[in-house]
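Contents: one structure, followed by commentary.
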Number of protein chains: 2
Amino acid sequence: MDTPHKYLQNKGIAASSSFGEIKSLLAFAQPLFTLRKKTTLITDGEKFRGLYFVHSGLLKQSQLKKSSENEIITHFFFSGDLIGLDALCESHYCGSIVSIETCGLSLIKFHDIEDLPITKETHIKLLKILSKSMRTEHTRLWRTLSQSSDSRLAYFFITMSHKFSKQGYSSNSFRLPMSRQEIANYLCMASETVSRIVSRFENEGLLAANGHEYFILNPEGLADIAEKA
Amino acid sequence: MDTPHKYLQNKGIAASSSFGEIKSLLAFAQPLFTLRKKTTLITDGEKFRGLYFVHSGLLKQSQLKKSSENEIITHFFFSGDLIGLDALCESHYCGSIVSIETCGLSLIKFHDIEDLPITKETHIKLLKILSKSMRTEHTRLWRTLSQSSDSRLAYFFITMSHKFSKQGYSSNSFRLPMSRQEIANYLCMASETVSRIVSRFENEGLLAANGHEYFILNPEGLADIAEKA
DNA sequence: CGGTGCCTTGAACACAATCAAGTATGGTGG
DNA sequence: CCACCATACTTGATTGTGTTCAAGGCACCG
C-alpha cells in the first residue's frame with residue numbers, strides 16, 4: 001500500500017529505545033541539529049530517509065482525522081527515543097512528526113536497512129527494539145480501549161513517572177511540555193475531560209499540577225485507579 | 001465498566017497468514033487432529049510448544065477481565081490462520097485459545113524458532129507475516145478505539161467479507177460461527193449494542209441476518225458507515 | 001492595559017452500558 | 001415427535017460517562 005489516504009491505515013508504531021541499546025547505531029549519526037518548537041520534522045507519507053535520534057526536547061507523531069481538525073496523537077518522542085522505527089520495513093514514514101518544544105536531533109541517514117554497515121547483532125537488536133515497541137504500543141492501545149478516562153489518565157501519569165525515573169530524574173516531580181489538548185488527543189478524549197479529571201485528582205490529593213509542572217503526591221492511589229476500570 | 005487486568009500486559013498480537021505464504025512451514029506439521037467445539041486448545045500463559053495451523057473451524061483468543069466473567073476477545077482464527085505467532089519471540093502463549101466450532105488443526109512443533117530446519121527465506125517470511133499481523137492488529141485497535149459502534153460493526157462485516165472473498169467464497173453471503181456476545185467482546189461493546197445495530201442495519205437495508213448467516217446487501221453503504229466516525 | 005491562547009468550569013446532550021423483560025432457538029429426555 | 005429447559009438473542013427503559021457547546025478566568029506578551 002502506498003499512501004495512507006485512508007487515514008487510519010498506517011498508525012505509527014510507538015518506537016522508543018534507550019541510549020545504551022543503540023549506541024552502535026549512533027556511530028552513523030550525522031551532526032546534531034536544532035529544531036525550533038512547533039516545527040514539522042516529517043510530513044505524513046514522506047519518503048523514508050533514516051532514523052532520527054532525539055537528544056533533547058519532545059515531539060509528537062500524529063494523524064489527522066478526516067472531517068475534523070482534530071488530530072490523533074499516536075506517540076510522543078522524548079529524548080533518547082528513535083523516530084522512524086515504524087517506517088523501517090516500509091518505504092514511507094507514517095503520520096506527521098512535529099516538535100512540541102525546541103529539540104536537538106541527529107539523523108541516521110539510510111534508505112534501506114541493508115545500506116548500513118552495521119553488525120548482524122545490531123540488526124537483531126534493532127528488530128527486537130521494534131518488536132518490543134510494537135508490543136508496548138499494543139498494550140497501551142488495549143488499555144486506552146478498555147479502561148475509563150480516569151484509569152487512562154492515571155496510567156499516563158504513571159508511565160511518565162516511570163519514564164523520568166528511568167532517565168535518572170525525579171519520578172514524582174516532572175514537567176510535561178505537551179498541552180492538555182495534546183494529552184487528550186494522545187489518550188483519545190476531550191481536553192475538557194482531561195482538565196476535569198486533573199482537577200479531581202488534585203482535590204483527592206493524588207497529584208498537584210501547576211501549568212506544565214506535575215507533582216505526584218500519591219503514586220499508590222494513582223496506580224489503584226490505573227488498575228481498576 | 002469493569003476491569004481488565006495487569007495481564008492486559010501481553011495482548012496477543014493478531015496473527016494470521018495465507019496458506020500460500022507458509023507452505024514451506026507446513027512440511028513440518030504433525031498430522032491433522034480434531035478439536036471439538038468449545039474446547040480449550042491453549043490456556044493463558046502456557047509454555048510455547050509450536051504454532052498451530054487451522055485447517056478448518058474457528059477459534060478465539062481471549063483474556064479474562066478481572067472482577068467479571070466478561071472476556072476480551074483479542075483475535076479470531078479462521079481456517080488458513082496460524083496460531084501462536086505472537087508467542088514466537090516469547091516463551092509462553094498469551095491469552096487462552098478456545099474453539100468456537102469443531103476445528104481441524106495441526107501442530108508445527110518446536111520450542112525455539114532456531115530448532116526448525118527452515119530456510120532463511122522462510123524465516124524472513126515468518127517475520128514479515130508477524131510484522132504485517134502486528135500492523136493489521138494495530139490498525140484494528142485504532143479503529144476500535146476512535147470510531148463509533150456503528151463504524152466498528154460495519155468495519156467488522158467488511159473485514160469478514162474481504163476475508164471470505166480472499167478465500168474464494170462469496171463476499172456477500174457468509175456464516176459467522178461466533179455468537180453476538182463474542183462479536184461484542186471482540187469489538188469492545190455490549191452484546192445488546194451489537195443486536196440493536198444489526199437490527200438497525202437490517203432496517204436500513206444494509207444487510208440481512210438470519211442466525212449466524214449474514215447477507216451483505218449494500219456493501220457501499222456499509223463502507224460509508226465504516227469510514228465516517 | 002488589551003490582546004491571544006490555553007485552561008477550567010458549568011450545563012445540556014448523546015451514545016452506549018446496564019438493567020430488565022420477553023422471545024426464539026437448540027438440545028435433551030421422555 | 002413433543003415437552004421441557006437452557007441458552008442466545010432481541011427489545012425497551014434507565015442510567016452514567018464523556019462529549020459538545022458555551023462562558024469565564026488566568027497568564028504571558030506585545
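First the proteins, then the strands, lettered A, B, ... as listed; each starts at 1.
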Whole Å only: how far is the [atom1] atom of [X] from the [atom2] atom of [N]?
X: Gln147(B); N: dC15(C); atom1: CD; atom2: P; value: 15 Å
X: Lys38(B); N: dT7(D); atom1: NZ; atom2: C1'; value: 8 Å
X: His212(B); N: dA8(D); atom1: NE2; atom2: C1'; value: 8 Å
X: Phe201(B); N: dC9(D); atom1: CZ; atom2: P; value: 18 Å
X: Glu213(A); N: dA27(D); atom1: CD; atom2: C1'; value: 15 Å
X: Leu153(B); N: dT10(D); atom1: CG; atom2: P; value: 11 Å
X: Arg200(B); N: dT10(D); atom1: CZ; atom2: C1'; value: 14 Å
X: Leu176(B); N: dA8(D); atom1: CG; atom2: C1'; value: 16 Å

Measure from the side chain of [X], starting at C-beta and using heavy atoms only, and say which of [options] lies closest.
X: Met189(A); options: dT19(D), dC9(D), dA16(C); value: dT19(D)
X: Ser148(A); options: dT8(C), dA8(D), dG18(D); value: dG18(D)
X: Ser195(A); options: dT11(D), dA17(C), dT8(C); value: dT8(C)
X: Ser179(B); options: dT18(C), dC9(D), dT20(D); value: dC9(D)
X: Thr193(A); options: dT10(D), dG18(D), dC7(C); value: dG18(D)

Task: Rounded distance [0.5 Å steps], OH in Tyr52(A) versus CZ in Arg49(A) - done: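 Those atoms lie 3.5 Å apart.
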Task: is_close_aromatic(Tyr169(B), Phe174(B)), centroid dist under 6.0 Å - done: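 No, they do not, as the ring centres are separated by 6.0 Å or more.
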Open item on the list: What I'd like to find out is whether the side chain of Trp142(B) reaches to under 4.5 Å of the side chain of Cys188(A), using heavy atoms alone.
Closed with: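 Yes, their side chains come closer than 4.5 Å.
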TODO: Would you indicate whether the side-chain heavy atoms of Leu176(A) and Tyr214(A) approach each other to under 4.5 Å?
DONE: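 The answer is yes; the side chains approach within 4.5 Å.
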Task: Under-4.0 Å side-chain N/O to phosphate OP1/OP2 contact, Ser199(A) with dT8(C) - done: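 False: Ser199(A) side-chain N/O out of range (4.0 Å or more) of dT8(C) OP1/OP2.
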Open item on the list: Any donor-acceptor pair, under 3.5 Å, between the side chain of Arg196(B) and the base of dT18(C), if you only look at N and O atoms?
Closed with: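 Indeed, a donor on one side and an acceptor on the other fall under 3.5 Å apart.
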TODO: Compute whether any side-chain donor of one residue and acceptor of the other, for His55(B) and Ser106(B), lie under 3.5 angstrom apart.
DONE: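 A pair is found: one side chain offers a donor N or O, the other an acceptor, under 3.5 Å apart.
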TODO: Take Glu192(A) and Met178(B), find for each the nucleotide of DNA chain D with the closest heavy atom, and name the residue whose nucleotide sits nearer the 5' end.
DONE: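 In this pair, the answer is Met178(B).
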- [ ] Under 4.0 Å between any heavy atoms, over every strand shown, what does Ser191(B) touch: base, sugar-phosphate, or nothing? Just pick one.
- [x]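 No contact at all - Ser191(B) keeps every heavy atom at 4.0 Å or more from the nucleic acid.
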